Each structure stands twice: as structure tokens, then as C-alpha cells.
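As the structure is a computational prediction, the values presented were derived from the model and not from experiment. For ligands, and for the atoms within them, numbers begin at 1 and follow the listed sequence.
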Amino acid sequence: MTGVTLSRYLVEQQRNDPQITHDLRLLIENIATACKSIGVAIGKGAIAGVLGGAGTDNVQGEAQKKLDVLSNDLLIRSKQANGTLAAMASEEMDEIYHIPPEYPRGDYLLLFDPLDGSSNIDVNISVGTIFSVLRRQAGPGRAPTVDEFLQPGTEQLVAGYAVYGPSTLLVLTLGKGVDCFTLDRELGEFVLTHPQMRIPEDTKEFAINMSNQRFWEPAVQRYVEELLMGASGPREKDFNMRWVASMVADVHRILTRGGIFMYPLDSKTRDQGGKLRLMYEANPMAFLVEQAGGAATTGRARIMEVTPEKLHQRVPVVLGSKSEVERVTRYHHE
Ligand code: AHM
Ligand code: MG
């Protein structure tokens with residue numbers, strides 16, 4: 001299948017899988033189109049005057065960048081009219097977004113982090129868009145409520161991310177493995193380049209913000225200490241460390257060449273439950289990682305089985321090569 005466009009790929013998925021409805025296909029194509037527009041804006045950067053702060057804060061109290069706001073608007077505007085969605089939720093919006101009454105309402109719910117890794121925008125390092133699609137539980141007549149979004153990650157139908165790096169990539173799971181598409185800028189089309197990605201089991205690479213070391217729990221202290229001892233420690237091999245500080249870029253590296261990514265619970269973020277957001281960061285990434293043969297936990301439990309209590313809930317995240325994630329999780333229980 002390598003070389004086929006996203007549109008053709010989706011037509012074939014729809015033909016072979018009754019779960020992939022016409023509306024779901026249309027929704028994914030629309031998300032891809034919005035990601036292309038976001039990628040164009042990021043690519044223009046200072047020329048288009050899109051760098052820098054927006055002068056506003058989001059619901060998490062974080063300063064918004066102009067591109068955070070622009071990406072959010074692009075995703076909302078491109079999808080509200082297509083008739084596939086009942087509502088949307090985003091890192092950049094306090095409340096859920098209802099489809100305006102002039103447009104038809106569909107069966108699906110879309111959650112997204114419009115621009116992940118915002119701290120990297122102004123320094124020209126990879127950033128991305130993360131998304132997750134759920135099916136509405138209530139009937140089509142009723143206006144959607146925030147409670148309908150609070151489904152565990154195991155209920156996700158589709159998850160994916162776009163990474164705006166040297167190439168623009170779209171990485172997608174429909175629940176049958178993970179496929180990666182590269183944007184052909186001349187054609188303006190995403191083309192399948194990395195079908196059925198598998199996370200290599202054997203790894204020597206880890207990703208964690210080491211500046212938080214003194215705040216970590218004992219389990220993570222122990223795990224990282226053992227990695228740092230390298231060939232002379234219990235792991236008997238040297239490890240390398242990478243931290244892009246854009247979750248999309250760090251997860252993409254892990255999907256490509258293995259490793260472990262951690263944003264664990266620490267004493268700084270304990271009161272809010274962790275750093276990363278469950279519904280539009282941890283869950284979609286966990287779905288992708290599991291579909292590529294890896295694992296994703298909070299350190300204590302499988303991320304996709306966490307029962308969400310609120311839309312902007314945060315969780316600790318440990319994901320990547322299975323045996324490493326299992327080791328960290330074991331250390332938490334010991
Ligand atoms: P954002 O969604 O506001 O950009 O924040 C999430 C980001 C992740 O992409 C990244 O893994 C992490 O926060 C970086 O954290 P730190 O600033 O501690 O390096
Ligand atoms: Mg984010």
C-alpha cells in the first residue's frame with residue numbers, strides 16, 4: 001500500500017471495515033486538511049506574523065501563543081460544517097464547542113490539542129497536533145454534554161497526530177495498527193510512507209525532563225538512576241537521553257526507533273494529577289503506542305482504562321517500548 005494517498009487509503013479502510021463509516025472517513029480527511037493549513041501557517045512563521053504570544057491564557061492558566069489560537073480556530077472552522085460531529089473539545093477551550101444550529105449534527109465527538117509543544121514554536125523546533133475521536137453515546141436528538149466526552153481511552157475509534165518537522169507527517173490509528181503518511185508538498189496530499197509501524201522492543205533511549213528529578217517519586221528515581229549507571233549498572237548497557245519537549249516529536253521518535261517517554265507524577269504536579277492532559281494528549285498517544293506494540297501507563301495503571309472525571313484532567317504518562325514501561329510500572333508497585 002506504500003505510496004497511496006490518504007484519501008485512497010481511507011476509501012479502502014471503509015470498504016473493509018464497517019466501523020469506518022462515510023462520516024468517519026470524511027472527518028479524518030477534514031482533520032488532515034486542517035493539519036495541512038496549520039502546517040502552512042507554521043511554515044510561514046515570522047513572514048506571516050504568527051510567532052509570539054497571543055496575550056491570553058487558556059483554561060489551564062498557560063499563556064497562549066498566536067499559533068495555539070490560530071490552530072484551534074482552523075480545526076474548529078474546518079469541521080463545524082461537515083455534519084459528522086456532535087461537539088468538539090480542545091486544550092485551548094474551557095468548555096466543549098457545540099456545533100452551531102445552522103449545521104447538521106453528527107455522531108462523533110472530536111478532542112484535540114491543536115498545537116502541542118507550544119514552547120517550541122518560536123525557536124523553530126517540531127510541534128504537532130494531537131486528536132482523538134469518540135462516538136456519541138446519547139441519541140442524535142439531544143444536545144451533547146461534557147459528560148459524553150468522559151469515556152475511557154479504550155472507547156476511542158480513531159487517534160492520531162500531525163508532526164510539523166522537516167517533513168509534515170500524519171500518524172493514524174483506526175484500531176488496526178498504526179500507519180504514517182508524509183505530506184507531499186507539491187501534490188498537497190498525505191501519502192502512506194510508513195505502513196504498520198511497530199515500536200522496536202530493544203531500546204537504549206529514554207526521554208524525561210531531567211530538571212524535575214528532585215520532584216519525582218522513588219520508582220522513577222530508581223529507574224532513571226539504573227539507566228544512568230549504564231554498562232556498569234544493573235541494566236548492563238549504556239542509555240542515551242533525548243527530550244524535545246514536544247510530546248508529538250518525542251512519541252514519534254519512539255514509534256520510529258523505540259525507547260521510553262515519561263512525564264511522571266512529581267511533587268510539583270501532584271495536586272493537579274500530572275502534567276499532560278488525559279483526553280487529548282495521553283489517551284490518543286496511548287492508543288497509538290499500544291497499536292504499535294508498545295505500552296502506556298500512568299506508572300500504576302493502563303492509561304486507556306483511566307475513568308475520566310473532567311475534560312481537562314491531567315495524568316502521569318509512561319509510554320513506549322513494552323518491557324521498559326512494564327519495568328517502570330513494576331517499580332511503582334514494589
Ligand atoms: P503544551 O500542550 O502546552 O504544549 O504542553 C505539553 C508539553 C508536551 O508536549 C511536552 O512533552 C511537555 O509539555 C514539555 O514539558 P516541559 O516544559 O516540562 O519540558
Ligand atoms: Mg500539549
Please identify which atoms of ligand 1 are closer than 4.0 Å to at least one heavy atom of [X].
| X | value |
| --- | --- |
| E62 | 3 (O) |
| A245 | 9 (O), 10 (C), 14 (C), 19 (O) |
| R277 | 1 (P), 2 (O), 3 (O), 5 (O), 6 (C) |

In terms of hydrophobic clusters joined by side-chain contacts under 4.5 Å, are F239 and M229 together?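 Shared cluster, no.
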Side chain or backbone of [X] under 4.0 Å from ligand 1, or both, or neither, by non-hydrogen atoms?
| X | result |
| --- | --- |
| V248 | neither |
| S246 | backbone |
| F261 | side chain |
| D116 | both |

So, does D122 use its side chain to make a donor-acceptor pair with the main chain of G52 at under 3.5 Å?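 Yes, because the side chain of D122 sits within donor-acceptor range (under 3.5 Å) of the backbone of G52.
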Quick one: does any side-chain atom of D184 pair with a main-chain N or O of G188 as donor and acceptor, under 3.5 Å?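 No; judged by distance alone, with no hydrogens or angles, the pair does not exist.
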Salt bridge present between K322 and E201 (N-O < 4.0 angstrom):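 Salt bridge: no.
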Aromatic contact, F261 with W243 (centres under 6.0 Å):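 Yes: the rings meet the under 6.0 Å criterion.
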